[in-house]
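Computed from a prediction, not measured in an experiment: that's the story for all the values here. Within every chain, numbering begins at 1; the chains are lettered A, B, ... in the order of the sequence lines, protein sequences first and strands thereafter.
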Number of protein chains: 2
Amino acid sequence: MTTTAEASSIIKRRRLVDAAAELFHRQGVAPTTFANVASEAKIALGSVYYYFNAKDDLVAAVTEARKGGIEALLARLDGSKQPRQRLEGLIDAWVSDRLVDALYGCPVGSLCFEVARGRGPLGEVAAQPFQVLMSWCERQFRQLGPSRDAAPHALHLVSALQGVSLTAAVLADAELITKEGKVLKRWLRSLEPK
Amino acid sequence: MTTTAEASSIIKRRRLVDAAAELFHRQGVAPTTFANVASEAKIALGSVYYYFNAKDDLVAAVTEARKGGIEALLARLDGSKQPRQRLEGLIDAWVSDRLVDALYGCPVGSLCFEVARGRGPLGEVAAQPFQVLMSWCERQFRQLGPSRDAAPHALHLVSALQGVSLTAAVLADAELITKEGKVLKRWLRSLEPK
DNA sequence: GTCTATACGGCGATAGAC
DNA sequence: GTCTATCGCCGTATAGAC
């Protein structure tokens, strides 16, 4: 029966992707080696090449996993009834992650930027998590009120969240994320139909 | 007379820093090698070590040069009479750089983030350009009106500018910076005392 | 000060036994 | 599928002639 063998393979592949995602977040893609990933995932170096033919394949897999993480978060937020609650939930998610993000930056933003920089071969893949996030936000803003500004509002929110993660990491101050979260929520309320 | 020799040394050192700054922006710090920098600056590989004992020294020099660039920009903006004009000038500066930034990100943000990530030994150095920019913005907002929100406003502006550079690079769309610039200017006007 | 040449280590990738 | 061993390249850093 191949089923168990296949399942074990899939589990190990996932373990490699998870280990790589963690290391890419903490150190960046460039300084992370296959040996790092292998040892973190407790798999022999040579075996990594059974799952990923080259580093780019691993990077693409991690980026897609990050996209999946974003989609899972947004699906959770879709449980909230009102668009404003959903958008506030997104801000809250950023604030909850403030301690890690102030150390290593946003795991999605830092990865996608490093991968997309200078239009590398993986530029399209790296854009996807941002497209998912941006269009979800745009949809929420469209439901928030009859303004024609949904697209700029979505861009403003995503930019602010990404920017504050970067700023907090550079300045080593997690509470900047809390503070910016409050500013963004006040802004959201100011957009509500009175 | 050592004067000319010294001057030539200083010039070559500057050529190395400029070359490194350019390469750090286009490729990031990690993938940039001394050989890259040497060839871009048209200086032999071995000579680079006369000016910089290790890569970290070069990275620190480039980061300080970026801080100098920020200070020069802010000094130019200080020529404007009104605080709102000065803040709008900052936004305009970002918009002017949109084509390069949408390819490689903000040269200051991407560098400082990569250097500060995970609290490396250069974390303090990398924070300085951001501190300069942030406190300048805070001063402008304080002059803009008697609001007690100067610090959060400065954080919001810097975050938005950094975030939109990153987003534009990931999504390969320079016009996002133009659009966010308009949103930010509208926001500035809304803060004015009526 | 500036160069060429090179030592040394590490990383991506492969070979091949089990 | 998983491992160990290893090749070849490239990057940091140094040595030493000029």
Side-chain angles (χ1 to χ4, degrees), chain A residues 1-24 26-63 111 114-115 117-118 120-122, chain B residues 1-63 111 114-115 118 120-122:
Chain A
M1 210 194 295
T2 53
T3 319
T4 24
E6 277 170 15
S8 140
S9 260
I10 289 171
I11 286 171
K12 283 193 181 160
R13 195 195 144 96
R14 184 158 218 110
R15 224 168 59 217
L16 284 167
V17 172
D18 288 349
E22 171 93 8
L23 289 166
F24 289 174
R26 290 207 305 247
Q27 330 180 351
V29 174
T32 299
T33 69
F34 268 40
N36 291 153
V37 176
S39 94
E40 180 101 355
K42 306 205 170 168
I43 285 171
L45 170 61
S47 302
V48 179
Y49 286 87
Y50 172 75
Y51 296 96
F52 304 98
N53 294 321
K55 200 178 179 183
D56 270 6
D57 296 346
L58 177 58
V59 173
V62 170
T63 308
L111 174 68
E114 190 176 352
V115 171
R117 175 182 235 162
L122 295 173
Chain B
M1 213 193 292
T2 53
T3 319
T4 23
E6 277 171 16
S8 138
S9 261
I10 290 171
I11 286 171
K12 282 193 181 162
R13 196 194 144 95
R14 183 158 219 111
R15 221 166 65 215
L16 283 168
V17 172
D18 288 350
E22 171 93 8
L23 289 166
F24 288 174
H25 186 202
R26 290 206 304 247
Q27 328 181 353
V29 175
T32 299
T33 70
F34 268 39
N36 291 154
V37 176
S39 93
E40 180 101 356
K42 306 205 171 170
I43 286 171
L45 169 60
S47 304
V48 179
Y49 286 87
Y50 172 76
Y51 295 95
F52 303 98
N53 295 320
K55 202 179 178 183
D56 269 6
D57 297 346
L58 177 57
V59 173
V62 171
T63 308
L111 174 69
E114 190 175 352
V115 171
L122 295 173

Inset, instruction - Measure the distance from CD1 on B:Ile11 to C1' on C:dT2 and round it to the nearest whole Å. - result: 16 Å
Inset, instruction - Give a yes or no answer on whether the side chain of A:Arg26 reaches the backbone of A:Ala21 with a donor-acceptor pair at less than 3.5 Å. - result: no
Legend entry - Residue-level proximity of residues 31-43 of chain B to DNA chain D when a heavy atom falls under 4.0 Å: B:Thr32, B:Thr33, B:Phe34
Legend entry - Options D:dA13, C:dA13, C:dT4, nucleotide nearest the side-chain atoms of B:Leu45: D:dA13
Legend entry - A:Arg13 side, atom CZ; A:Ser8 side, atom OG - distance, nearest 0.5 Å: 13.5 Å
Inset, instruction - Drop me the distance from A:Thr63's OG1 to A:Asp56's CG, to the nearest 0.5 angstrom. - result: 9.5 Å
Legend entry - Residue pairs involving residues 36-53 of chain B (criterion side-chain hydrogen bond (donor to acceptor under 3.5 Å, both in side chains); sequence neighbours excluded): B:Thr33-B:Asn36
Inset, instruction - Report the nucleotide, chosen from D:dT2, C:dT2, C:dA13, that has the shortest atom-to-atom distance to any side-chain atom of A:Tyr49. - result: C:dA13
Inset, instruction - Please state how far atom OH in A:Tyr50 lies from atom P in C:dT14, giving the value in whole angstrom units. - result: 16 Å
Inset, instruction - Look at the side chain of A:Lys12 and the backbone N and O of A:Val48, then say whether any donor-acceptor pair between them is shorter than 3.5 Å. - result: no
Inset, instruction - Could you check how far CG of A:Leu16 sits from P of D:dG1, rounded to whole Å? - result: 14 Å
Legend entry - OP1 or OP2 of D:dC3 under 4.0 Å from side-chain N/O of A:Ser47: yes
Legend entry - Rounded distance [0.5 Å steps], CZ in A:Arg15 versus CD1 in A:Ile10: 14.0 Å
Inset, instruction - Starting at CG of B:Asp57, measure out to CG of B:Leu122 and round the result to the nearest 0.5 Å. - result: 8.5 Å
Legend entry - Side chain of B:Ala44 (C-beta onward), nearest among C:dG1, C:dC3, D:dG1: C:dC3
Legend entry - Nucleic acid contacts of residues 53-63 of chain B, taken as heavy-atom distances under 4.0 Å to DNA chain D: B:Ala54, B:Lys55
Inset, instruction - Grab the two heavy atoms, one from B:Leu58 and one from B:Val37, that are nearest each other, plus how far apart they are. - result: CD2-CG2, 4.2 Å
Legend entry - Nearest-Å distance for atom pair OH/C1', residues A:Tyr51 and D:dC3: 12 Å
Legend entry - Atom of B:Pro31, atom of A:Ala30 and distance for their closest heavy-atom approach: CG-CB, 4.4 Å
Inset, instruction - Would you classify A:Phe52 as touching base, sugar-phosphate or nothing, given that sugar-phosphate means primed atoms plus P, OP1 and OP2, and contacts are heavy atoms under 4.0 Å? - result: nothing
